[in-house]
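Shown next, in structure tokens, is the structure this report addresses.
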Amino acid sequence: MPDQDTFIPKQDRRRQAECPHCSNRVAMSLRNLRWVHPELKIPGPIQKPGQHVEEQVWSCDFCGMAVVELYSVDRLLSKAKNVRAAGVAGEYKWTLISRVWPAQEPRPLSPDAPDKVRDLFLEAGRAEAAGAFRLAGVGYRSVVEEICKERGAAGRNLHTMISDLARLNVPQSVIDGFHEARLLGNDSVHNGLEYAPDEVADVAGLIEEAVLVLYVQPAERRRLAAARLARRTAHRAGAESPPPSAP
């Protein structure tokens, strides 16, 4: 690893994240980095406060594939009385700008979900893919609100609407996930809080799981029930029924 990364703490050179190649949530290791802007003439920690841009290369400990990301790096000076002391006590803040490779794609939802839910989720996914995480948080909150309306939940605000889903026999795990999305959106729009990429992605995953439970699985059961009915009907009529599908 290049010498210029010596200010990155060793404990921050490994992380838990979802690999975009194998889709497993695994440990990932920092393999390499290079400064993109401004060019450092002397390797080592940032010498002046301000924003810099670096390219980081991570690899999945499971499949071994690489992930390339761009980060802005800010040196946050401490309250030391002089620059030299501040240089020793200074801390660094990394903010993800974008994933360079593999390209970040907007998250799709199953066609079994209502069209408006899918459209809102796609818009939020585009914001997430572009690194606009506060906007993505607001978008995922809108998805939850639309699902609550579609399911017939009652309430004067989103909190009570989500809680009312229990009356409609929605599993508690789905309700808890929706409250997480609500808080993410509230913090993003009202408090200007920007969550980490993995935290936003986790909320998107909670919504995907909810869509699976509320729309995809019931639709699949209806399709299979229709297939069984068609098979029985054809058998009774003496017609040739389609061969069973492979498991």
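Just so we're clear, the structure is a prediction, and the values are computed from it rather than from any experiment. The residues of the chain are indexed from 1 along the displayed sequence.
Within the 4.5 Å cutoff, the side chain of Val174 has no heavy atoms near those of the Glu209 side chain. Contact check for Ile162 versus Arg182: side-chain heavy atoms found under the 4.5 Å cut-off. Residues Leu165 and Arg151 form a side-chain contact, since some pair of their non-hydrogen atoms from C-beta on lies under 4.5 Å apart. Contact check for Val26 versus Asp61: no side-chain heavy atoms found under the 4.5 Å cut-off. Proximity of Gln217 to Glu220: side-chain heavy atoms (C-beta onward) are nowhere separated by under 4.5 Å. By the 4.5 Å heavy-atom criterion applied to side chains, Leu30 and Gln56 are counted as neighbours.
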Set out, in order, the CA-CA distance, both residues' side-chain angles and the distance that settles side chain to side chain contact (heavy atoms under 4.5 Å, CB included) for Met161 and Asp164, then state yes or no. CA-CA 5 Å; Met161 291 174 67; Asp164 188 56; 5.6 Å; no

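Panel note: side chain Arg126, backbone Ala129; no donor-acceptor pair is recorded below 3.5 Å. Between the side chain of Ser29 and the backbone N or O of Arg31, no donor-acceptor pair lies under 3.5 Å. Of the possible polar contacts, none joining the His21 side chain to the Cys63 backbone as a donor-acceptor pair under 3.5 Å is found.
For residues 148-175, the ring pair (Phe, Tyr, Trp, His ring centres under 6.0 Å) pairs, not counting sequence neighbours, are His159-His179.
Ion pair Arg25/Glu18 not flagged as a salt bridge, since none of the NZ, NE, NH1 or NH2 atoms sits closer than 4.0 Å to an Asp/Glu carboxylate oxygen.
Just one of Leu120, Val211, Val203 meets the side chain to side chain contact (heavy atoms under 4.5 Å, CB included) condition when paired with Val143; it is Leu120.
In the hydrophobic clustering of this structure, Tyr195 groups with Tyr71; members are Ile, Leu, Val, Met, Phe, Trp, Tyr whose side-chain heavy atoms approach within less than 4.5 Å, directly or through other members.
Remark: Arg156 CZ is loosely packed, at most 12 non-hydrogen atoms of other residues, nucleotides or ligands lying under 6.0 Å away.
Between the CZ atom of Phe133 and the CG atom of Asp198 there is a distance of 9.0 Å, given to the nearest 0.5 Å.
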